[in-house]
Amino acid sequence: MRYFALLGSIILTILVTSDTSQAGTCKSTINKYDEDDIKNAIKDCNEIILNGITIPAGVTLNLDLNKGTKLTFQGKITWEFHEWNGPLLIISGSDLEIVGASGHELNANGVLWWDGKGEHGGKVKPVFFSLREVKNSVMRNINVKNTPYHAIWIEDSDGLAVQDVTVDNKDGDTKGGHNTDGFNVWRSNDISLEGITVSNQDDCIAIKSGTNILVTDADCSGGHGLSIGSVGGRDYNIVENVTVLNSKIVDSDNGVRIKTVYGATGAVTNVTYKNIQLESIHKFGIIIEGDYNIDTGGTTGVATDGVPIKHFILENVTGTVSNSGVNIYILVKNASDWEWSRVEVTGGGKTKKCEGIPEGSGISC
Ligand SMILES: *[C@@H]1O[C@H](CO)[C@@H](O)[C@H](O)[C@H]1NC(C)=O
Ligand SMILES: *[C@@H]1O[C@H](CO)[C@@H](O)[C@H](O)[C@H]1NC(C)=O
Ligand SMILES: *[C@@H]1O[C@H](CO)[C@@H](O)[C@H](O)[C@H]1NC(C)=O
Ligand SMILES: *[C@@H]1O[C@H](CO)[C@@H](O)[C@H](O)[C@H]1NC(C)=O
């Protein structure tokens, strides 16, 4: 017995010391929030289960994980109320597997912050969840509920597949949820979002910058649509190689949206939306505008040419807009190489003029 224990501890020592960024092979279950316990679990184990914990007010659950860690959320994970910027949860690391056990929920108790004002006043609201510097990883089967403000940020990440993740902020429809973006992507490369379900009061997905991004089977309702932008006026202003496939947007202010910032520089290149179904869109079925005012959150009514939209493909984008809305609105400058086919958006009773459509593309509003 003693011999085997000794051998075990030698093996463990070798495992721990041979690669300091690699956790040992053990499984640790955390049943109560304790910063030191969590730090030790991260340090020692390659498998971590967070089970039904409550994160104290004003604290970030900061999971800077060792390479190859499997993280499981189990039961109901909740956060206490505090007015601050957050985020309430950060995950970083490479070769990670982040999963939710059946029946789990990440419940941010957003209703405690909601005041109908979002980022424009009232209570200071934290970002919920940041996937920061995540590399070569997968996150799947995660259920997020009631975020105070933006739900999930993917930032400075490279090689991340997000599968079957739900952001359910539907309660915000009647309880003052605002600016509850589902997913924001910033400065990231090689990201896929597959089987995303979002019910909220702002963008379903907003790609603010990044390259080689695939969105498939998104199901968006209640919000502001599947958006790119706003692009421009930040530290990195490139969006390139984005494909959005087989997705549905219902009961939302917009369907397909691209916003670029007035007076800024950058580029939106090679964007495809294909097989997109719109239903009960309130304001704009398709809105492509180059006049966004990043300071006020409004628009200037005049597009500038510094963030050109090049090689923009819409294929099989169909559906309905309410009578009080506009089917298609385009206001851009310096755009080139647009190819639209089978774009059939109907029902909108209002029209806005379209400006800046590339010559010869045959697109009309
Ligand atoms: C455009 O992006 C897609 C991926 O979204 C890629 O497959 C395709 O090769 C790109 N086209 C060009 C011309 O770069
Ligand atoms: C976009 O896709 C094309 C074709 O796959 C590739 O050559 C190019 O490098 C990609 N752009 C970026 C910024 O990764
Ligand atoms: C067009 O897209 C819808 C989904 O929005 C899909 O059901 C349909 O099969 C697509 N049509 C073609 C011809 O690909
Ligand atoms: C228009 O876009 C091109 C790239 O497509 C860029 O080089 C140019 O600076 C932009 N502005 C004007 C005024 O052409």
Side-chain angles (χ1 to χ4, degrees), residues 106 108 110 114 118-119 127-131 139 142-155 160-173 177-186 188 191-210 213-231 239 242-259 268 271-289 292 297 314 317-322 325 345:
L106 307 183
W114 291 339
E119 63 194 357
V127 168
F128 178 53
F129 179 3
S130 165
L131 288 149
M139 173 164 106
I142 298 290
N143 301 321
V144 170
K145 191 155 170 88
N146 292 355
T147 65
Y149 173 57
H150 293 178
I152 301 178
W153 281 9
I154 296 171
E155 32 180 358
L160 171 64
V162 173
Q163 298 160 346
D164 302 315
V165 171
T166 297
V167 175
D168 175 5
N169 282 336
K170 190 160 182 36
D171 290 348
D173 288 349
H178 200 59
N179 300 127
T180 50
D181 291 18
F183 290 82
N184 272 210
V185 180
W186 314 71
S188 293
I191 305 297
S192 67
L193 303 175
E194 305 156 41
I196 299 307
T197 304
V198 175
S199 173
N200 68 341
Q201 298 81 31
D202 206 321
D203 292 312
C204 176
I205 297 173
I207 298 170
K208 294 200 155 63
S209 59
I213 296 165
L214 173 67
V215 176
T216 64
D217 302 283
D219 193 333
C220 306
S221 69
H224 293 178
L226 279 171
S227 306
I228 289 178
S230 59
V231 184
V239 170
V242 174
T243 300
V244 182
L245 294 177
N246 307 340
S247 296
K248 190 171 173 184
I249 306 157
V250 304
D251 190 27
S252 296
D253 278 3
N254 315 290
V256 170
R257 171 156 80 159
I258 302 182
K259 288 193 292 194
V268 176
V271 170
T272 300
Y273 284 81
K274 186 175 169 184
N275 301 344
I276 309 295
Q277 194 185 334
L278 312 177
E279 200 180 297
S280 304
I281 303 297
H282 312 307
K283 292 184 178 164
F284 299 96
I286 298 171
I287 173 167
I288 315 298
E289 60 182 341
Y292 187 69
L314 291 192
V317 176
T318 62
T320 55
V321 173
S322 338
V345 181

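Counting non-hydrogen atoms of neighbouring residues, nucleotides and ligands closer than 6.0 angstrom, the NZ atom of K283 reaches no more than 12 such neighbours.
Side-chain atoms of W114 do not come within 3.5 Å of backbone N or O of Y149 as any donor-acceptor pair. Between the side chain of Y273 and the backbone N or O of L226, at least one donor-acceptor pair lies under 3.5 Å. The backbone N or O of T180 sits less than 3.5 Å from a side-chain atom of N200, completing a donor-acceptor pair. Without hydrogens or angle criteria, N169 side chain to N146 main chain gives a donor-acceptor distance under 3.5 Å.
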### Task
Tell me, with the steps shown, if V215 and F183 meet side-chain contact (heavy atoms from CB on, under 4.5 Å).
CA-CA 11 Å; V215 176; F183 290 82; over 6 Å; no

Item to complete: Give the C-alpha distance, both sets of side-chain angles, the deciding distance and a yes or no for salt bridge (Lys or Arg N to Asp or Glu O under 4.0 Å) between K145 and D168.
Response: CA-CA 5 Å; K145 191 155 170 88; D168 175 5; 3.2 Å; yes

- request: Could you walk me through whether D202 and E119 pass the side-chain contact (heavy atoms from CB on, under 4.5 Å) test, one step at a time?
  value: CA-CA 11 Å; D202 206 321; E119 63 194 357; 5.7 Å; no

* Asked: Stepwise, does the side-chain contact (heavy atoms from CB on, under 4.5 Å) test hold for S227 with K259?
  -> CA-CA 8 Å; S227 306; K259 288 193 292 194; 6.0 Å; no

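Atom CG in N254 sits 12.0 Å away from atom SG in C204 (nearest 0.5 Å). Note: N143 CG to L106 CG = 7.5 Å, rounded to the nearest 0.5 Å. Distance CD1/I228 to CZ/R257: 11.5 Å, rounded to 0.5 Å. To the nearest 0.5 Å, atoms CG (L160) and OG (S192) are separated by 7.0 Å. Atom-to-atom distance recorded for F284:CZ and E289:CD is 7.0 Å, nearest 0.5 angstrom.
Smallest separation of non-hydrogen atoms from D253 and I281: O-CG2, 3.4 Å. Annotation for S322 and H282: closest pair OG-CA, 3.5 Å, computed over non-hydrogen atoms. For the pair G285 and L278, the tightest heavy-atom approach, listed with the atom from each and the gap, is O-CD1, 3.7 Å. Scanning all heavy atoms of the two residues, the minimum distance from S252 to G225 falls at CB-N, 4.4 Å. Closest non-hydrogen pair, I249 versus G255, comes out as CD1-O, 3.4 Å. In terms of heavy atoms, V271 sits closest to V239 at CG2-CG1, 4.5 Å.
There is no side-chain donor-acceptor pair under 3.5 Å between E194 and T216. The closest side-chain donor-acceptor pair between D203 and H224, if any, does not fall under 3.5 angstrom. In this model, no donor atom of one side chain and acceptor atom of the other lie less than 3.5 Å apart for S221 and D251.
Residues forming a side-chain contact (heavy atoms from CB on, under 4.5 Å) with S188 (at least two apart in sequence, or on another chain): I154, S157, V185, I191. Every residue meeting the side-chain contact (heavy atoms from CB on, under 4.5 Å) condition with N275, not counting sequence neighbours, appears here in chain and number order: N246, N316. Judged as a ring pair (Phe, Tyr, Trp, His ring centres under 6.0 Å), and not counting sequence neighbours, the contacts of F128 are W79.
For the pair L245/L214, a side-chain contact is recorded, criterion being any heavy-atom separation below 4.5 Å from C-beta on. Side-chain contact between I276 and S247: present, with at least one pair of heavy atoms (C-beta onward) separated by less than 4.5 Å.
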